[in-house]
Amino acid sequence: MDGSFPEGDPAAVCGRRQQFGSRFLSDPARVFHHNAWDNVEWSEEQAAEAERKVQENSTQRVCQEKQADYEVNANKYWNNFYKIHENGFFKDRHWLFTEFPELAPSQNHLTNLLSENKKNEVYEYYRSGEDGSDLTIEEQHSCSSVSLGDKTQPLLMEESVTQKLHHLEICANEFPGSSATYRILEVGCGVGNTVFPILQTNNDPSLFVYCCDFSSTAVELVQTNSAYDPSRCFAFVHDLCDEDKSYPMPENSLDVIILIFVLSAIIPDKMQNAINRLSRLLKPGGIMLLRDYGRYDMAQLRFKKGQCLSENFYVRGDGTRVYFFTQDELDTLFTTAGLEKVQNLVDRRLQVNRGKQLTMYRVWIQCKYRKPLVSSTGCEAGTTCC
């Protein structure tokens, strides 16, 4: 594809992949000794040249008529992409377990986050009926398999956090994965390069994984994969930008949301609303994980004149689009949605083709943003109770 490359398996050299930031190029003469080098410093000349290339390839913009076509028919272009490449374009992302240990087995992120002094906050939050389901604590228990007897009887404060979360099942009729206690959603799942490694690695029966994509062709490839198990996974077609289309799970129900090279594929003006909606799906303490293209990545520098849609937003030769972020832009998107920063780093990586003696400078951004835990007043952190 013009101006773009698959994100691949960063720094996957022989054996287990090292975590980002652990392999440094101290001697330029050794550049071809490994497939990739971490945290590569750019010279002032290299940074200036990258900026010059972006200014040059941005001078000629795609006409408004074509831009409208790329927006209206975005699903058609992605369907064509997956019809051509099927499941042979991207590699399975086993490196995600290193960069995002929240996805690894035995990682109940929400339970681990709740320390002893947070237990009462969770209790107060659900007791207040402010969990997004518009149900009182009694109504929630009447919908669960646990009988409370007298509905006015308060919960025993000595219950463990795990027991409370188990009892407080979300009561919004039945939905896929409603009986699970740990729920992960991947947005922009493609053909399952993230979902299937998660399911294959994590056999926890309390785990349920949702995955969605704009492309119906991609979702069909997931559903027909021999590794797809409807009892542990639910794949569905979803437009991240369609505010009128609801997700198949209630608000405050997800532990983890994964965004891997997907936010960059939508028009910048619609990114904030998309993140806002996803944020509401997270439980208090839930986390959003992102990895995406950074400003001046090699892919951005390789675009030609006439492929720029707007500032730092381009269309590839196959009609799919891509945006190149800064850390500050992503921080604004997440914090505006009410999330707190856990991690926001630039992954400047030098990839090497030792056979062809080529060097490729990649720039990715990796983020973790958490939904705040509730305050002692029962209000979500960062909000004011009336």
With a 4.5 Å cut-off on side-chain heavy atoms, are V222 and V195 touching? no

Contacts satisfying salt bridge (charged side-chain N to carboxylate O under 4.0 Å, His left out) that involve residues 256-266 (not counting sequence neighbours) are none

Exercise. For residues D328 and T326, is any side-chain donor paired with an opposing acceptor at under 3.5 Å?
Worked result: no

Quick note, salt bridge (charged side-chain N to carboxylate O under 4.0 Å, His left out) partners involving residues 54-69, not counting sequence neighbours, are R52-E56, K66-D69

Output, in order, the C-alpha distance, side-chain angles, deciding distance and verdict of salt bridge (Lys or Arg N to Asp or Glu O under 4.0 Å) for D318 and R316.
CA-CA 5 Å; D318 61 3; R316 303 183 181 98; 5.3 Å; no

Going through the checks in order, is the side chain to side chain contact (heavy atoms under 4.5 Å, CB included) test met by L185 and L278? CA-CA 10 Å; L185 165 66; L278 289 172; 4.2 Å; yes

Heavy-atom closest pair (R349 atom, D347 atom, distance to 0.1 Å) is NH2-OD2, 2.8 Å

Interatomic distance, CE@M298 vs NZ@K53, rounded to 0.5 Å, equals 10.5 Å

So CZ of F234 and SG of C211: to nearest 0.5 Å the spacing works out to 9.0 Å

inquiry  = Are Y70 and M271 linked, directly or through intermediate hydrophobic residues, by side-chain heavy-atom contacts shorter than 4.5 Å (ILVMFWY only)?
reply    = yes

*Heavy-atom donor-acceptor pair, N79 side chain to N75 backbone, under 3.5 Å*: yes

Residues at least two apart in sequence or cross-chain that pass ring pair (Phe, Tyr, Trp, His ring centres under 6.0 Å) with F325, listed by chain then number, are Y323

- Task: For the pair K270 (side chain) and C241 (backbone), establish whether a donor and an acceptor sit closer than 3.5 Å, ignoring hydrogens and angles.
- Result: no

Heavy-atom closest pair (A227 atom, Q200 atom, distance to 0.1 Å) is CB-NE2, 3.9 Å

task: Flag yes if more than 12 heavy atoms outside Q327 fall under 6.0 Å of its CD atom; otherwise flag no.
output: yes

Of all heavy-atom pairs linking R183 and S178, the shortest is NH2-O, 3.1 Å

Given Y296 and E51, is the side chain to side chain contact (heavy atoms under 4.5 Å, CB included) satisfied, shown in steps?
CA-CA 7 Å; Y296 305 138; E51 185 175 357; 3.6 Å; yes

query: Do side-chain atoms of Y369 reach the backbone of L333 as a donor and acceptor pair under 3.5 angstrom?
result: no

One should read off an interatomic distance between D292 CG and C367 SG, to the nearest 0.5 angstrom, of 9.0 Å

In short, F214 meets A74 closest at the heavy-atom pair CE2-CB, 3.3 Å

Is the shortest heavy-atom distance from the side chain of I260 to the side chain of N193 under 4.5 Å? no

Residues passing the ring pair (Phe, Tyr, Trp, His ring centres under 6.0 Å) test with Y314, sequence neighbours excluded, are F303, F324

Which of D255, T181, N202 passes side-chain contact (heavy atoms from CB on, under 4.5 Å) with L207? Answer is N202

For A337, the side-chain contact (heavy atoms from CB on, under 4.5 Å) test, sequence neighbours excluded, returns Q272, I275, N276, S279

Check the hydrophobic clustering (I, L, V, M, F, W, Y; side-chain heavy atoms under 4.5 Å; chains of links allowed) and say if V219 and V209 are grouped together.
no

dist L339:CG -> K371:NZ (nearest 0.5 Å) comes out at 8.0 Å

Next item on the list: Would you indicate whether the side-chain heavy atoms of L290 and F334 approach each other to under 4.5 Å?
Entry: yes

Given L240 and V187, is the side chain to side chain contact (heavy atoms under 4.5 Å, CB included) satisfied, shown in steps? CA-CA 8 Å; L240 184 59; V187 180; 3.8 Å; yes

Residue pairs meeting salt bridge (charged side-chain N to carboxylate O under 4.0 Å, His left out), one or both in residues 235-248, sequence neighbours left out, come to none

Inset, instruction - Answer yes or no: is there a donor N or O on one side and an acceptor on the other, between the side chain of Q366 and the main chain of R291, under 3.5 Å? - result: no

Check your understanding: For atom NZ of K304, is the number of surrounding heavy atoms from other residues, nucleotides or ligands below 6.0 Å larger than 12?
Key -> no

Contacts of R295 meeting salt bridge (Lys or Arg N to Asp or Glu O under 4.0 Å) (sequence neighbours excluded), chain-then-number -> E329

Applying salt bridge (Lys or Arg N to Asp or Glu O under 4.0 Å) to R321 and not counting sequence neighbours gives E71

Any side-chain donor paired with an acceptor under 3.5 Å for Q300 and N312?
yes

Shortest non-hydrogen pair, C308 vs N57, comes out as CB-O, 3.6 Å

Exactly one of I258, L254, L281, I257 clears side-chain contact (heavy atoms from CB on, under 4.5 Å) with Y210, and that residue is L254

Rounded to the nearest 0.5 Å, the CD atom of Q60 sits from the CD atom of Q307 at a distance of 10.0 Å

Donor + acceptor pair across side chains of S215, D213 (<3.5 Å): no

**Prompt:** Are the side chains of V54 and L301 in touch, meaning some heavy atoms are under 4.5 Å apart?
**Reply:** yes

Sequence neighbours excluded, the answer for ring pair (Phe, Tyr, Trp, His ring centres under 6.0 Å) partners of Y228 is none

If you group Ile, Leu, Val, Met, Phe, Trp and Tyr by side-chain heavy-atom gaps below 4.5 Å, do V237 and M249 land in one group?
no

In terms of heavy-atom contacts, T194 and P197 come closest through O-CD, 3.3 Å

CZ of F208 to CG of L199, rounded to nearest 0.5 Å, is 9.0 Å

side-chain contact (heavy atoms from CB on, under 4.5 Å) filter on A48, not counting sequence neighbours, yields none

Contacts of S226 meeting side-chain contact (heavy atoms from CB on, under 4.5 Å) (sequence neighbours excluded), chain-then-number -> none

Might you work through the side chain to side chain contact (heavy atoms under 4.5 Å, CB included) test for W364 and Y293, ending with a clear yes or no? CA-CA 5 Å; W364 297 307; Y293 297 102; 4.2 Å; yes

For Y247, the ring pair (Phe, Tyr, Trp, His ring centres under 6.0 Å) test, sequence neighbours excluded, returns H238

Practice problem: Decide, yes or no, whether a salt bridge links R362 with D297 under the criterion of side-chain N to carboxylate O below 4.0 Å. | Solution: yes

